[in-house]
2 protein chains.
Amino acid sequence: MGKKGEDTRTRILDTAQDMILGNGYAGVSIDKLISRLGMTKGAFFHHFKSKGDLATALITRFADDGVELFKESLARARKFSSDPLQQLIILIGQYEEIFENLEDPYPGCLLASYVYELQQFSEETREIINREFLLSRKELTGLFREIMKKYPPRIDVDIKSLADGFMSLFEGAFVLSKSLQEADVTYQQLQHYKTYIRLLFDPKLAA
Amino acid sequence: MGKKGEDTRTRILDTAQDMILGNGYAGVSIDKLISRLGMTKGAFFHHFKSKGDLATALITRFADDGVELFKESLARARKFSSDPLQQLIILIGQYEEIFENLEDPYPGCLLASYVYELQQFSEETREIINREFLLSRKELTGLFREIMKKYPPRIDVDIKSLADGFMSLFEGAFVLSKSLQEADVTYQQLQHYKTYIRLLFDPKLAA
DNA sequence: ATTTAAACATACCAAATGGTACGTTTAGCA
DNA sequence: TGCTAAACGTACCATTTGGTATGTTTAAAT
């Protein structure tokens, strides 16, 4: 595929994602999509063999990007410190950087959008979505295990669900942010998550 | 409206809500809805003058129920204790009761479903949704203010976003629960929220 | 300069969509 | 019992839907 074709494909994906996050997958017809793209049906079906093909390409890209961001952030955190608690704090901080000083509310998470329309998609789609949730659960649970070994928690907590809380945080914050049209919700919830972690494990707070 | 008509209307609302939480609003056609209801188009349009009318009736009912549950839970909590921190703990506990020992993952929140299709709805719809978010924000912020007066927090936190965290918790947990098909996600996140609150304010944890 | 395949446009189709007009049945009340 | 309005069924319609068949243009390699 040539460069121009690849660009067009990306443009379709970007516009489709933007529209889906505001209308849902079923709420975005191909006609409306190509109309906003200033493109014809022939062009669209040259790049995607069906609407379902677009759906799969979209969620795959979104999930892969999310996983990549998570892995990179974790790797960077591991470079900056050898202490597991500091690594987690740094990891959260990197997400804080992304969501602080946003002008507009975050457009939302495509995973969540799909989850509320899951019966429209194949089982494969659910697996693609779960792959991201389960990966962060696994990585964060491992990190929490290290933290727990070094820093006994003030209150005993389940670390798997503590890890889930991180992903859950975004999904929840995005919903509130979108509806209330407040851009800082996600950043604030990240701060609370960080505070919770520090209260649980950080010995410096003993004073 | 007679009793039978009212029953039918409720049946339509219940079935529509169930289908929308799995397919999205645009993903549920009237044909599919009445097919699952074993009902004809004439019957449906006797009770709702349009699909949008159904949408409004649904979100209004859902939001009102949510507000009512919240107000009742808060009122009950205020009866059981005069201490604001205990009131909040009791309030959370009542939601824990709802979400513990669930057999199936919670079907989801209609507010969130609508939020990811907001462009399909009127501005009124957004206001109905925001009403619930803003009410719980207001009530909880007030409660946190009382708590803070009596129990100085271990770490200084923003109480408005701390209140938002409660609503956000559900929205996030529902997404994970639906996708992973795990019924206990919401209950676990409620426990973490409670733990966070206690770590912030509960003086008994000073030991 | 010619070929070739990717990139896109045009015109069309069967099915599904939300909605309406109008007919029939049912339940309660005078 | 007869009347009336609510409750529901049938048949139909214009539009939109996802998708296809068949073109034309563009860009790069031979």
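Naming: A, B, ... by sequence-line order, numbering from 1 per chain. Only a predicted model underlies this, so the values are computations on that prediction, with no experimental measurement involved. All values below come from the heavy atoms of this structure, side chains included, with hydrogens, waters and symmetry mates left out.
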Exercise. Once you round to the nearest 0.5 Å, how far does CG of B:Leu58 lie from CD1 of B:Ile20?
Worked result: 5.0 Å
For this session: Please state whether the phosphate of C:dA7, meaning OP1 or OP2, lies under 4.0 angstrom from any side-chain nitrogen or oxygen of A:His46.
Result: yes
Seminar exercise, completed: note: B:Leu33, atom CG; C:dA16, atom P; distance rounded to Å ~ 17 Å
Problem set entry | A:His47 vs C:dC8: side-chain N/O to OP1/OP2 distance below 4.0 Å | yes
For this session: Scan residues 11-35 of chain A for pairs that pass salt bridge (charged side-chain N to carboxylate O under 4.0 Å, His left out), counting only residues two or more places apart or in two chains.
Result: A:Asp14-A:Arg61, A:Asp18-A:Arg36, A:Asp31-A:Lys41
For this session: In plain terms, say whether A:Lys71 and A:Glu139 are close enough for a salt bridge, that is, a side-chain N and a carboxylate O under 4.0 Å apart.
Result: no
Problem set entry | Salt-bridge contact A:Arg78-A:Glu146 (side-chain N to carboxylate O under 4.0 Å) | yes
Problem set entry | d(CD1, A:Ile12; P, C:dA7) in whole Å | 11 Å
For this session: Output yes when at least one side-chain N/O atom of B:Thr8 is less than 4.0 Å from OP1 or OP2 of D:dA7, else no.
Result: no
Problem set entry | Six-ring centre of B:Tyr95, B:Lys194 cation under 6.0 angstrom, axis tolerance 45° | no
Seminar exercise, completed: Between CZ of A:Phe48 and C1' of C:dC8 the distance, given in whole Å, is 14 Å
Exercise. Between B:Asp53 (CG) and C:dG18 (P), how many Å, whole number?
Worked result: 14 Å
Exercise. In B/S/- notation, 5' to 3', how is nucleotides 14-20 of chain D contacted by protein heavy atoms closer than 4.0 Å?
Worked result: ---BBBB
Seminar exercise, completed: So the salt bridge (charged side-chain N to carboxylate O under 4.0 Å, His left out) pairs with at least one residue in residues 167-190 of chain B (sequence neighbours excluded) are A:Arg137-B:Glu182
